[in-house]
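None of the values given here were measured: they were computed from a predicted structure.
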Amino acid sequence: MKVPESNRGAAEDRVTRTLERLSLAPSVEAVLEALLREAASSLAVSDVFMCWREDGSEAHVLVTPGLSVGAARARGERLLDGLRDIDGGLLPYVALDAEREVLVALPLLAGVEPGSGVGVLCAVLPEGRVPTDEELARLGLQARLAGLALEREWAVARARAEVEQAEVLRLSRLQAVTEAFGQTLTREEVAHVVLDLGLPAVEATAGIVHLTAEGRAASELVAAVGVPDALVEPLRELPRGGEELLAQTAKRAEAPVWLETVAAIRERYPTLAGPLGEGPPRALALLPLFVEGRVFGTLAFGFEREKAFSALERASLVGLSRQCGQALERARLYEREHTARLEAEALGARLSLLADASALVSGSLSWEETVAGVARLALGHFADGCAVDSYEDGVVRRLAVLHADPEKAERVLELTSFPLDAGQPSLLSRVLTSGQSRLETRGTRAPVDAKPGSSWRASTVILTPLVARQRTLGALTFVRDSERAPFDVTDVSLAEELARRAALAMDNARLFRDARAAEEESRRGAARLHVLVQVSQLIAEAGLDLPTVLDVLASKVSEALGGGCVLQLLGEDREQLEVVAAHHPDPLARGVLEEALRRDPARVGEGLSGRVVATGKTLFVPRLSAEELRGDRSPEGVGFLERYGPQSLIVVPLGARGRVLGTLGVIREARGREYTAEERALLESLAARAALAIEDARLYGAATQAVKARDELLSVAGHELKSPLNALQLQIHLLARMAKDAMAASGLAERAEKAARAGQRLGLLIDDLLDVSRISAGRLSLNREELDLAALTRELVSRMSEELARAGSEVRLVADVEVLGHWDKLRLEQVLVNLLSNAAKYGAGRPVTVQVEARGLVAALAVRDEGIGVAQEDQERIFERFERTESAQHFKGLGLGLWITKRIVEAHGGGIRVESQPGRGSTFTVELPLPGGAPR
């Protein structure tokens, strides 16, 4: 290898020191700004600017405050392209521009190294002022200082570029070493790569690689470059004669050794003093070669000059040694693998046979074909004939008899027939039972063309059991004719290996078959579950409406199972089935099916569906024709069969809560599409869900009818009670008036008044019951008119003053401002009466405040009492029907007032809410939309 032509380390050191010194100085921008201010001050002007460019790059401009950067740039670029002297430098320039201002321009880099850049320092003087020589001298000095500052900046940039270029060169060389390592295969190749390419990468002049062979204590020299001849022989093997030399620290301490001077080298390794003399190396780097903590060699680099290893250089050398160690380990592994491959190839055809058998086993999942293929592979080189037997559930079955010469297959059959021996188990049976191979010598009759005197000849056979997972699956019998050397123990091992692979193929095929069956069953189960989930979801979406549920069931079952679907339910007499839903992908076929079923309806115990209802068992007919039904007492669907031919049929009972509701049947063309047992199971599962859905819908319908009947009864009872009550109230009022007019005793008048109040309360209760009936039936109507909510409130408070006074509640009314809207007067009176009655009842005799006002687009009515209050958890519940709080249980009432009030307010498009705390009273606020406001 060639020694590196030049050493760039000294240049890099110089550049680094230059960069360090320059980094301590102020920035060039700060210097230029200071010079710009100094120039403006010395000339007593405000418009001063600098313009410069480097190597033809874009011009840079620095201006004093108030001066336009664009104008300065335009002037500066014209000046930079102006007159030059003989050497190419800019000439000073003093001129009067178009605005008659004096422009003074001096070159920045006068006297500085030419070619590095160009720039000007410019000052704009007022009209008529000409700079003096002293001012030009000061401006020239400032221009020269600015040029020096720029030259320093450009020198820093060049120095940095040189360092970066050197670093890129170093990294590219290290990358080349890494790439070369990836192409090496032997330890010698790795050693030469690390020296041939690694020395230039780390700028060393010499290198040595020592490796320790396995089982040896000494390290041998593998490669050396740039090492003096006097050193090669002493370093041939380390340690040698008790000398540890280069490997003393690096190898045993697993740490690099850095010797930066000749004195350090001689102090550490005195033996090297003589051979070194005055020539290189002057510095050494000794690095251990190790992988996974195991040291197996040493890498040494020598340098022609004494040097202090920087952190970057040390990291590069250590990284190179680690890459070299990994490459050497890969080479060692490759050499081992290569040796093993050669040994494997030496096994010859025996291992080739096993490899072919393994490939055959892994490439097929038909075990009969695979085992026969293994037997064929054995023919020729290993055996002349082969027989294959399977063993399952105690039964032996011959699968194949093969011979290399097909005409001799009968001979193999004779040799592999193992009859019982004097009542004892046959040889094959003993092999299958014990799971152990047998090597036997057997004789056969001589062929017709055999030499005279040859009545039989001996052949050897090997019987090997096919065992997988401790289970005997069969046997392989190999035959070798007498013309060849007999089988030996080694052949038995090979036969067992072949049998082991064949048995594994048989077992894998069985497991694969079972797994496929399980997967198919799982897939079918998942499909059934998916259909069940879909049907359940559709039933849930259909709600509790019976016709919708029936239609959804029929259409989804028809889609899931194909063909038509019919739902039949028992009538009220529980004797005859009625078609309640039918579906078919073909609309014409659907009509024919419905017509055929309605023409011959089934009765319990008769017909296909009738028998299913009577027995409660599924009817499954894979193929049903019209001829089979014509003699039936109830030929259900015979018209459909006559038109569309034989059909596959499943009819399942719809059973729910211990009784049969009807049947669910599916029908489709039988030709090539007969229903399966899985579809039958699916239909039975669907029928179970359908029966529950139908029963729930029926119960819901019955409950709905009961609620409707109850509401009608309440309405009728309310109206019936209202008439006699009105007459009673009229008579009581007349009696009270007559008692007062006749100046009757005060006791009679008081009793008459109490009777009138009781009748009034009874009337209010009946009104509430009638409202419940109307609201539940959705018949709450409003007679809207324009009215003043404040006036209505004042009127009601006045009307109820006597009742509120009896309750001991003083009413504070705040309703002075007119609040107009279109509302039902009687219904709002009912709302006010309910809220004021509540306040009087639960207000504990304390004052009640009623306030009416307009709040934006809504009218607000607030009724506040200072009574028992409502707990937070009850504030939503009290607006429900028949609901009351625990604290109000001892008060009279049905719990309907607030429910009716909320429904009346919501019918007006408004809302009601309560704000309350127990023991601190309640505030009920009603908000009604005003004209132009959206309903709430």
Side-chain angles (χ1 to χ4, degrees), residues 711 714 718 760-782 789 792-793 796-797 799-800 803-804 807 809 811 823-844 846 848-852 858-929 935-936:
D711 290 341
L714 288 174
Q760 184 180 7
R761 284 198 301 271
L762 183 58
L764 291 175
L765 289 175
I766 292 174
D767 288 339
D768 286 346
L769 290 176
L770 289 174
D771 283 338
V772 169
S773 176
R774 294 188 190 99
I775 293 171
S776 299
R779 298 198 302 270
L780 181 64
S781 59
L782 301 176
L789 182 61
L792 179 64
T793 303
L796 257 294
V797 169
R799 191 188 307 171
M800 294 184 65
E803 178 181 348
L804 293 169
S809 297
V811 179
W823 302 304
D824 188 319
K825 180 178 180 181
L826 294 179
R827 290 299 180 185
L828 288 189
E829 286 182 354
Q830 190 175 354
V831 169
L832 283 165
V833 168
N834 285 338
L835 293 179
L836 290 172
S837 298
N838 262 15
K841 184 187 300 184
Y842 303 118
R846 298 188 182 93
V848 175
T849 302
V850 180
Q851 183 175 1
V852 179
V858 297
L861 167 65
V863 179
R864 171 169 177 76
D865 64 72
E866 300 177 9
I868 61 177
V870 182
Q872 181 68 32
E873 61 271 15
D874 295 330
Q875 291 180 9
E876 291 292 335
R877 187 168 59 83
I878 60 174
F879 291 103
E880 299 299 326
R881 186 163 44 178
F882 305 117
E883 291 289 346
R884 307 175 70 193
T885 64
E886 291 295 331
S887 59
Q889 293 298 321
H890 62 280
F891 290 94
K892 295 180 180 180
L894 297 178
L896 292 173
L898 288 178
W899 180 76
I900 294 172
T901 298
K902 182 178 181 180
R903 295 301 180 274
I904 292 173
V905 172
E906 289 177 346
H908 281 83
I912 183 171
R913 66 179 186 274
V914 62
E915 299 174 3
S916 178
Q917 292 183 4
R920 301 181 63 179
S922 304
T923 300
F924 288 87
T925 303
V926 174
E927 292 182 342
L928 299 172
R936 294 175 62 84

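With a 4.5 Å cut-off on side-chain heavy atoms, Asp824 and Leu828 do not count as touching. Between Phe924 and Asn834, every side-chain heavy-atom pair lies at or beyond the 4.5 Å cut-off. The side-chain heavy atoms of Leu835 and Leu898, taken from C-beta on, include a pair separated by under 4.5 Å.
The side-chain contact (heavy atoms from CB on, under 4.5 Å) search around Ala839 returns Val848, Val863, Asp865, not counting sequence neighbours. The side chain to side chain donor-acceptor pair (under 3.5 Å) check on Arg799 picks up Glu795, with sequence neighbours excluded. Listed by chain and number, the residues in a side-chain contact (heavy atoms from CB on, under 4.5 Å) with Val905 are Val831, Thr901, Val926, Leu928 (sequence neighbours excluded). Partners of Ser916 according to the side-chain contact (heavy atoms from CB on, under 4.5 Å) rule, which considers only residues two or more places apart in sequence or in another chain, are Val870, Gln875, Val914, Ser922.
With hydrogens and angles ignored, the 3.5 Å screen pairs no side-chain donor or acceptor of Arg827 with any backbone N or O of Ile904.
Of all heavy-atom pairs spanning Pro929 and Trp823, the tightest one is O-NE1, 3.6 Å.
In this structure, the separation between CG on Leu782 and NE2 on His908 is 4.5 Å, given to the nearest 0.5 Å. Here CD of Glu829 is found 10.0 Å from OG1 of Thr793. Values are rounded to the nearest 0.5 Å.
Annotation: salt bridge (charged side-chain N to carboxylate O under 4.0 Å, His left out) contacts involving residues 914-924, sequence neighbours excluded, comprise Arg913-Glu915.
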